[in-house]
Amino acid sequence: MINKLKRDLRLLLESGKHIVLFELIYKMVAVSVVYPLVILLINIGMRAAGIRYLTNEYIIRVITNPVVIAIILLAIVLFVAYCTYEMAFLAVCFETKRRNLNASIIDSMYGALQNSKKMLNVRGIILYLFYFLFIIGVNVTICFNVLLSGTTVSLIRKYIFHNKWYVKGTVLLVIALIYFVVIIGIYTFNVFTLEGRGFRESYKKSFQIVKKHPVGTITTLIFYNLVIALFIGIVYFIISIVLIAGVKILDMAYIGSAMYLSVLSTVRTIMRLFLIIIAIPMSYSTISHLYYKYTKEEDITYEFIDIDEGSAKRNKIVYGTVLGVSVVINIIYMVFSFNTNPFSKVAIFHETQITAHRGASVSAPENTMAAFRQAMEDMADYIELDIQMSKDGELVVMHDNSTYRTTGVEGSISDMTLEEIKSLDAGSWFGKAFAGEKIPTLKEVLELTNGKINLNIEIKSAYNSEAIAEKLVSMLEEYQMIDDCVITSFDYKAIKKVKQCNEDIQAGYILSVAYGDFYEMDDVDFFSINASFLTKRTVDAIHKSGKMVFAWTVNNETSIKNLTNKGVDNIITDEPVLAREVIYSRDTSETLINMIKYVFNG
């Protein structure tokens with residue numbers, strides 16, 4: 001088996017720099033084009049379905065929409081076209097290398113294009129469907145690693161494991177049928193590309209090869225997936241050792257578990273991207289090795305075409321320019337995605353998020369710059385803060401209308417000027433270390449957090465809440481933080497005013513008690529609800545209306561875990577580090593979680 005793997009790798013390596021250069025450019029260009037295309041298709045689908053947020057409970061309803069069905073079919077066709085051209089290029093490279101032909105990268109690309117054209121007909125739909133199943137079936141380990149998460153596991157449990165017995169049986173039967181169809185047709189593309197046969201004849205030839213060599217075919221396919229699984233395990237093990245050592249060396253044990261799980265989540269994302277990149281080259285080289293082993297040389301009728309490709313120097317300039325532009329575009333995408341998740345309106349693409357209530361209010365005085373800085377260090381996704389308007393029209397951050405509880409001075413924010421407010425000490429009540437901490441203005445908070453963390457800004461109920469909403473929206477537009485902030489309030493008039501000023505801002509209505517059909521309210525993108533009143537039925541009802549659920553204020557492990565399992569989108573907590581540990585633990589084995597707790601807390 002090890003020798004087989006070596007031969008498969010050699011098949012890739014001996015095809016030389018052409019494959020490396022092609023794969024580099026092809027993948028970079030693909031991401032440059034696919035990334036905005038996927039976002040566009042998701043937005044079109046959501047508009048067609050009439051929703052602003054795609055919750056897990058809403059998925060079945062959305063995918064039955066005719067426009068969404070058309071988008072899914074288009075996406076499958078584009079995905080298969082992309083993968084089949086890549087496989088066609090690899091097939092041409094392998095074959096020309098086998099014959100020791102002096103083929104350039106352009107010759108190989110042209111040959112691959114000619115082969116791909118054969119699929120462009122009405123009957124090609126069957127080919128596209130087969131190759132879609134083929135790509136997924138052969139790369140089952142990679143697909144599981146890419147798609148499996150706490151969210152998808154919950155969906156599988158809900159719609160399959162917890163369903164009727166005949167639904168489970170049907171799913172198993174369909175999976176078995178798909179694998180049967182894929183395995184007996186595993187050499188179809190090689191035959192189709194290199195022997196000049198039609199799809200039906202290619203499939204029959206593949207079936208004959210598998211029938212003669214079932215053990216070699218199946219064991220190699222299993223071994224390929226086991227090697228990928230082993231590789232993933234080794235990478236995670238090495239990363240774990242490095243992370244644990246790093247946290248220990250930096251003496252950050254208090255946040256060790258959360259940091260470890262957070263970085264591990266990022267590593268998973270990088271690993272998934274890497275596996276997507278190598279999936280086709282590795283799997284197709286494995287299958288090609290078997291094809292050449294089991295096929296007579298005289299059956300291969302591929303005709304190499306040596307085209308006039310022009311100046312080599314010019315071609316290098318074109319390659320370099322395309323690659324350079326693609327790299328720049330991809331870097332821009334990465335920076336953009338780091339600050340703002342472009343898929344934040346689709347629940348399946350992100351975990352339950354964490355909001356630090358009034359900043360890190362357990363470690364620093366609430367609603368102060370010290371609390372906000374600590375919240376960023378604690379890796380919260382959002383900072384929740386409260387705003388009011390001073391006598392002279394400035395927006396300041398304060399929960400109570402009275403200043404007495406946090407400053408020891410009797411007064412009302414609405415009756416004080418900014419100068420008077422700034423003279424107060426908002427830190428000494430919490431501890432001597434915070435003596436002199438001031439009540440911050442919203443402007444100061446925006447300047448501190450812009451591009452670093454999201455904000456959940458609550459407009460306190462007051463006679464001037466609509467005026468506060470109008471000024472708040474203006475400031476968010478000025479600082480270009482529309483996509484980095486959500487606005488909430490107990491005052492529905494304030495929410496309506498926010499949406500009147502800028503309908504793109506996500507606005508949430510705060511409820512102390514969840515009762516009735518409130519989730520159908522207009523101008524509301526999500527509900528921020530007292531966690532004590534959040535049942536699974538309530539969460540599902542809100543999600544089915546296409547809206548998000550924020551839960552407040554949750555400070556113990558059991559409640560965080562229960563709410564996460566119920567599908568809550570955002571947890572507002574005084575303990576962001578604890579919340580991070582609990583939420584990220586969903587995608588990590590129990591054994592590893594116990595080990596982490598022992599390492600960092602033992």
Side-chain angles (χ1 to χ4, degrees), residues 1-27 83-119 127 131 134-135 138-139 185-199 201-210 212-213 216-217 219-221 223-224 227 277-309 312 315:
M1 281 295 183
I2 298 297
N3 290 331
K4 283 184 180 181
L5 181 63
K6 287 181 179 178
R7 286 195 294 269
D8 297 337
L9 289 172
R10 194 181 303 123
L11 188 60
L12 267 175
L13 296 173
E14 287 178 353
S15 298
K17 61 183 181 181
H18 290 169
I19 289 180
V20 175
L21 183 59
F22 171 79
E23 287 291 337
L24 190 60
I25 294 175
Y26 196 58
K27 292 298 195 302
C83 293
T84 51
Y85 181 76
E86 184 178 7
M87 290 192 296
F89 178 86
L90 292 169
V92 173
C93 276
F94 294 156
E95 179 59 17
T96 52
K97 185 64 182 177
R98 187 185 70 85
R99 295 191 199 176
N100 292 318
L101 297 173
N102 187 25
S104 69
I105 188 172
I106 292 181
D107 290 331
S108 299
M109 290 173 69
Y110 180 78
L113 182 61
Q114 295 307 306
N115 273 300
S116 298
K117 281 182 179 178
K118 292 190 292 184
M119 293 179 61
L127 274 74
Y131 288 134
F134 166 84
I135 293 162
V138 171
N139 294 286
I186 199 166
Y187 302 109
T188 301
F189 192 83
N190 299 78
V191 178
F192 182 81
T193 305
L194 300 177
E195 298 183 23
R197 302 173 187 244
F199 172 72
E201 291 180 351
S202 299
Y203 192 83
K204 287 180 179 178
K205 171 72 181 292
S206 175
F207 173 65
Q208 291 169 1
I209 297 174
V210 175
K212 289 181 181 178
H213 309 281
T217 300
T219 55
T220 300
L221 188 60
F223 182 71
Y224 162 71
V227 168
I277 290 170
I278 69 166
I280 297 298
M282 287 300 298
S283 61
Y284 190 71
S285 64
T286 301
I287 294 166
S288 295
H289 163 70
L290 292 177
Y291 169 75
Y292 283 124
K293 180 180 178 181
Y294 298 143
T295 300
K296 296 177 182 178
E297 189 171 333
E298 57 266 25
D299 289 345
I300 300 174
T301 59
Y302 173 74
E303 294 182 9
F304 169 65
I305 303 174
D306 189 2
I307 65 172
D308 181 13
E309 57 196 65
N315 291 337

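Since the model is a prediction, treat every value here as computed from it, not as a measurement. All values below were derived from every heavy atom in this structure, side-chain atoms included, with hydrogens, water molecules and symmetry-related copies excluded.
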Glu201 and Val191: CA distance, side-chain angles, deciding distance, side chain to side chain contact (heavy atoms under 4.5 Å, CB included) verdict: CA-CA 9 Å; Glu201 291 180 351; Val191 178; over 6 Å; no
Side-chain touch Ile287/Met87, heavy atoms, less than 4.5 angstrom: no
Nearest-0.5 Å distance that lies between atom CG in Leu113 and atom OG in Ser108: 12.5 Å
Salt-bridge contact Glu95-Arg98 (side-chain N to carboxylate O under 4.0 Å): yes
Parallel, tilted or perpendicular: ring planes of Tyr26 versus Tyr85, cut at 30 and 60 degrees: tilted
Intermediate values then yes/no, side chain to side chain contact (heavy atoms under 4.5 Å, CB included), Leu290 and His213: CA-CA 10 Å; Leu290 292 177; His213 309 281; over 6 Å; no
Lys205 vs Asp299 side-chain heavy atoms within contact, under 4.5 Å: yes
Ser283/Tyr224 under side chain to side chain contact (heavy atoms under 4.5 Å, CB included): CA gap, chis, key distance, verdict: CA-CA 8 Å; Ser283 61; Tyr224 162 71; 3.4 Å; yes
Residues Tyr292 and Asn190: side-chain donor-acceptor under 3.5 angstrom: no
Check against ring pair (Phe, Tyr, Trp, His ring centres under 6.0 Å), Phe189 and Phe134: CA-CA 10 Å; Phe189 192 83; Phe134 166 84; 7.7 Å; no
Side chains of Lys212 and Tyr294 in contact at under 4.5 Å (non-hydrogen atoms): no
Side-chain donor or acceptor of Ser288 paired with backbone N/O of Tyr284 under 3.5 Å: yes
Minimum heavy-atom distance between Ala91 and Thr193, given as atom pair plus value: CB-CG2, 3.8 Å
Ile186 backbone acceptor or donor facing Ser206 side chain under 3.5 Å: yes
Close side-chain approach of Phe192 to Tyr131, heavy-atom, < 4.5 Å: yes
Test ring-ring contact (aromatic ring centres under 6.0 Å, His included) applied to Tyr203 - qualifying residues, sequence neighbours left out: Phe130
Heavy-atom side-chain proximity of Tyr291 to Ile300 below 4.5 angstrom: yes
Derivation of the side chain to side chain contact (heavy atoms under 4.5 Å, CB included) call for His289 and Thr220: CA-CA 10 Å; His289 163 70; Thr220 300; 5.9 Å; no
Euclidean distance, Glu297 CD relative to Thr295 OG1, rounded to 0.5 Å: 11.0 Å
Pairwise side-chain contact, Arg99 with Tyr302, heavy-atom cut-off 4.5 Å (strictly under): yes
Under 3.5 Å: donor-acceptor pair, side chain of Asn139, backbone of Ile135: yes
Side chain to side chain donor-acceptor pair (under 3.5 Å) between Tyr187 and Thr217, worked out: CA-CA 10 Å; Tyr187 302 109; Thr217 300; 2.8 Å; yes
Residue pair Thr301 / Gly196: nearest heavy atoms and the distance that separates them: OG1-N, 3.9 Å
